[in-house]
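Written out below as structure tokens is the structure these notes cover.
Order of appearance sets the numbers: ligands from 1, and atoms from 1 within every ligand. FYI, side chains are in, hydrogens and waters are out, and symmetry mates aren't considered; it's all heavy atoms of this structure.
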Amino acid sequence: MMKDNIQEIELRIQAACDKVGRMRSEVTLIAVSKTKPNEMLIKAFNLGMRHFGENKVQEMSQKWEDLNDKFGDKVYWHLIGHLQRNKVKYIIDRTALIHSVDSLRLAEQIEEEAAKKNILCDILIEVNIAGEDTKFGVSPGEVLPLLIEISKLTHIRIRGLMMIAPYVENPEMNRKYFTKLRELYVDIKTKNADNNGDGNILNSEYFDILSMGMTGDFEVAIEEGATMVRIGTGIFGERDYTIPI
Ligand SMILES: *Cc1c(COP(=O)(O)O)cnc(C)c1O
């Protein structure tokens, strides 16, 4: 069952890449395992999954503790949900990438904890591209000023941008948002490249991640340039939020 799901997702990722002349290796598949028990993560691991996405700090920490002996450094844990400042310390050295940084205050907290552990923390800036009230993330206009401030923090590396698209029946409805985020991303990269020397905002060599696309719309996201897709339901099946983890 999960094997078939993964095979199907893989075929669809490949087809989306083929459609726009991209290579499969340009797209990282993140298996979003939130609410799913350890056994399902182990199964996914045995089927080749190496990137797991979790949206809650406590749940991710617990799974990390349970599974790290088995997964070790073969697995990359992605924190994709909203992060509260007082919880940064629990995941700072367990996550490969924090997708959801949306304020300087949060970045400063990450900086402080990363400095304590003497590590470099990779992050993405979450952008509320559709301007939805219900979503976290900064507005497109706030991205560059925030990026400039965060780039002064020495234990943080800004790797790119992330968005959560609106829930829609037809994924084509989200194409314009994916396009917009890609344009913003390219714009930042280009501005930065033009800025030779002291004005450099960030090391654009490492500004290389566009995290967008979920089960309902990942093909469109890939066509529009996604380098990471976050897929839960398509791999693990529907989530049941009534079962306690
Ligand atoms: C749950 C979640 C996903 C995966 O959603 P599916 O529709 O199940 O693929 C992706 N990104 C974020 C931020 C999520 O919280």
- Closest protein heavy atom (residue, atom, distance) for atom 8 (O) of ligand 1: T233 OG1, 2.5 Å
- Record the part of R239 in heavy-atom contact with ligand 1 below 4.0 Å; permitted values are side chain, backbone, both and neither. side chain
- Message: Aromatic contact between F52 and F45, with the criterion being ring centroids under 6.0 Å apart: yes or no?
- Response: no
- Under 3.5 Å, N or O to N or O, is I80 touching ligand 1 that way? no
- Task: Could you tell me how the ring of H99 sits relative to the ring of H78: parallel (under 30°), tilted (30 to 60°) or perpendicular (over 60°)?
- Result: perpendicular
- Check whether more than 12 heavy atoms from other residues, nucleotides or ligands sit under 6.0 Å from atom CD of Q58, and answer yes or no. no
- Message: Could you check whether R159 makes a cation-pi contact with Y206, meaning its NZ or CZ is under 6.0 Å from the centre of the six-membered ring and within 45° of the ring axis?
- Response: no
- ligand 1 to G232, heavy atom cutoff 4.0 Å, flagged ligand atoms 4 (C), 6 (P), 8 (O), 9 (O)
- When you measure from atom 9 (O) of ligand 1 to every protein heavy atom, which one gives the shortest distance, and what is it? T215 OG1, 2.4 Å
- Near K89 NZ, under 6.0 Å, is it more than 12 heavy atoms from other residues, nucleotides or ligands? yes
- Query: Counting heavy atoms only, which of K34, R230, M214 comes nearest to atom 2 (C) of ligand 1?
  - Reply: K34
- With heavy atoms of I231 as the reference, note each atom of ligand 1 found under 4.0 Å away. 9 (O)
- Query: Which heavy atom in K63 sits nearest to a heavy atom in T35, and how many Å separate them?
  - Reply: NZ-N, 4.0 Å
